[in-house]
Each structure stands twice: as C-alpha cells, then as structure tokens.
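We use all heavy atoms of the structure for the numbers below, so side chains are in, but hydrogens, waters and symmetry mates are not. We name chains A, B, ... by the order of the sequence lines, and we start the count at 1 in each one.
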Amino acid sequence: MPAKCRRSRTKFTEEQLKILIDAFNQKPYPGYAAKKRLALQVNTEESRIQIWFQNRRARHQFPKRPGERLDARQGRGPPAEQTPGRGDRRSRTSYTNSQLQTLIEEFKVNPYPGIDSREKLAKEIGVPESRVQVWFQNRRSRQNTQKEREPGEAVDQGQNQGQDLRDGTVQGTATT
DNA sequence: CTCCTAACTTAATCACCTT
DNA sequence: AAGGTGATTAAGTTAGGAG
C-alpha cells in the first residue's frame, strides 16, 4: 500500500462527544469562530468539527430548521443566529500564483489526492490541509460542469476514474 | 455480519471580490 | 451585472470498528 487514501478515523471520547452534542443542540450551524473554539475545547482540528456537524445534521433530527431561511415569516425563532453560512465564515484564502500552479500541477496528475498527498501538498505550499481538500473539491466539481458545456473533446480520463487509485504515489520529478 | 458513524464525494449555493 | 473562486451546505457513498 503506497499511501493512505483516507485520513484515519477519528475516535471521539465520551467527553468530547458530550461537548459536541451539547454545542450541536444549542446551535447546529456554528460559525467559523464557534467551530474553532470547539476544536480547541475538544482538542481536535476545526475540519473534524466541521465534518462532525455535517454528519450530525444529516443523520439526526434537530430542532432548528435550515430551510427557514426563505421563510422566516414568524418571529418565533432566533433568526440569523443559527442560519447557515451567513454567519461568520472562514476568511477567504487567497492563493498566490505559484501556490496555484503547484495545486494545478498536482491536479493533473491526481485529482483525488489521499490524505498523505494532501498533507504533503499543504506543507509544500504553506496552507492548511483542509484548504487543499476544498480546493480539489471545487476544482473537480467545476471541471465537470465545464465538460458539459464543451463535450466535443476526447477525454483522457476514461471511465475509470479516481476511486480506485486516488493516490498515485507519483513522486520523483518534482519541480524543475 | 450488522449497525453506527467518520471520511469522503458531487452539485448547488453563498459570499466576496474583480472586471 | 457578470464572472471567478473560496467556503459551506445537503444528500449520498465508502469504509472502520464495536457489538
């Protein structure tokens, strides 16, 4: 096995879970600052907190209603306080040209980098691993929508895409 | 093996900036 | 206003580990 694909599964302790669940019950859509605070509290990364909340919202019912953003005709519930997205977000990461170039080069080689590749890349360009992951997500998604616009080209990818060989272990010829 | 759930995916959308 | 792109979301999938 060349490189790890997925990050190893996080095991939350009872105590951590207690804090997380409690926070979730109070606010299922925490803003960036709240997530960071929680991350500190339970001694884990903010990205793990984000994933945890995503999964929790998807699999458990919770009192607050996200779809209410379009509604809000009644003054019953606290409004923006729990609204998704619109609260405080992580400030936008701005990539330099050379950082972008590194990312794009890697994307050509392997659009589905595993955790090892992502961390390596992150370290190389000096950006958190979670930002690298998001960059790849956006890149893949937007590449797909652009293909639909101009489908008249042969695709190198073939139908056998990522899932199997996400991590190519393609080291060696790095930068010139 | 089955069940729960962390990790991951796409697609849509939000937010903010530049043109 | 339109375009680009990073950040966040919902919904669905993959996989690790406990029972």
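Picking from C/dG6, C/dT9, B/dT10 the nucleotide with the shortest atom distance to the side chain of A/Y29 gives C/dT9. Nearest nucleotide to the A/H60 side chain, out of B/dT5, B/dT9, C/dA15: B/dT5. Checking C/dA7, B/dA7, B/dT10 against every side-chain atom of A/V134, the shortest atom distance belongs to C/dA7. Taking the side chain of A/I51 as heavy atoms from C-beta on, and the options C/dT9, B/dA7, B/dT9, the nearest nucleotide is B/dA7. Side chain of A/T93, nearest nucleotide from C/dG6, B/dA6, C/dT9: C/dG6.
One can place NZ of A/K4 at 12 Å from C1' of B/dA7, the figure rounded to the nearest angstrom. Atom CZ of A/R56 and atom P of C/dA11 are 17 Å apart (whole Å). Taking atom OH of residue A/Y95 and atom P of nucleotide C/dT5, one finds them 13 Å apart after rounding to whole Å. Distance, A/R118 CZ to B/dA7 P: 11 Å, rounded to whole Å. Between the CZ atom of A/F12 and the C1' atom of B/dC4 there is a distance of 14 Å, rounded to whole Å. Computed from coordinates, the A/R57 CZ to C/dT9 P distance equals 5 Å when rounded to whole Å. Put simply, CD on A/Q99 is 11 Å from P on C/dG6, counting in whole angstrom units. In this structure, the CG atom of A/L17 is 15 Å from the P atom of B/dC4, given to the nearest Å.
Within the 4.0 angstrom heavy-atom criterion, no nucleotide atom of any strand lies near A/S94. Across all strands, A/Q137 comes closer than 4.0 Å to base atoms (heavy-atom distances).
Using a 4.0 Å cut-off between charged side-chain N and carboxylate O, A/K108 and A/E105 make a salt bridge. Salt-bridge formation is detected for the pair A/E45/A/R7: a Lys NZ or Arg NE/NH1/NH2 atom is positioned less than 4.0 Å from an Asp or Glu carboxylate oxygen. A salt bridge does not link A/E129 to A/K123: none of the charged nitrogens lies less than 4.0 Å from a carboxylate oxygen.
For A/R92, no side-chain nitrogen or oxygen approaches OP1 or OP2 of B/dA15 to under 4.0 Å. In this structure, A/Y112 does not reach the B/dA7 phosphate: none of its side-chain N or O atoms is under 4.0 Å from OP1 or OP2. For the pair A/W135 and C/dG6, the criterion of a side-chain N or O lying under 4.0 Å from OP1 or OP2 is met. The phosphate of B/dT9 (OP1 or OP2) has a side-chain N or O of A/Q133 nearer than 4.0 angstrom. Listed pair A/R89 / B/dC14 fails the phosphate criterion, with no side-chain N or O lying under 4.0 Å from OP1 or OP2.
Stacking of A/R89 on the aromatic ring of A/Y32 is not recorded, the 6.0 Å distance cut-off and the 45° axial limit not both being met.
Nearest-nucleotide assignment on DNA chain C puts the 5′-proximal partner with A/G31, out of A/G31 and A/A58.
Within 3.5 Å, a donor on the side chain of A/R142 pairs with an acceptor on the base of C/dG6, or the reverse. A donor-acceptor contact under 3.5 angstrom links the side-chain atoms of A/R6 to the base of C/dT14. Applying the 3.5 Å distance criterion, the base of B/dA6 shares a donor-acceptor pair with the side chain of A/R59. Side chain A/R9 to base B/dT5: a donor-acceptor pair is found below 3.5 Å. Applying the 3.5 Å distance criterion, the base of C/dA7 shares a donor-acceptor pair with the side chain of A/N138.
Note that CD of A/Q101 and CD1 of A/I125 are 12.0 Å apart. Values are rounded to the nearest 0.5 Å.
The aromatic rings of A/F53 and A/F24 sit tilted relative to each other, their planes meeting at an angle between 30° and 60°.
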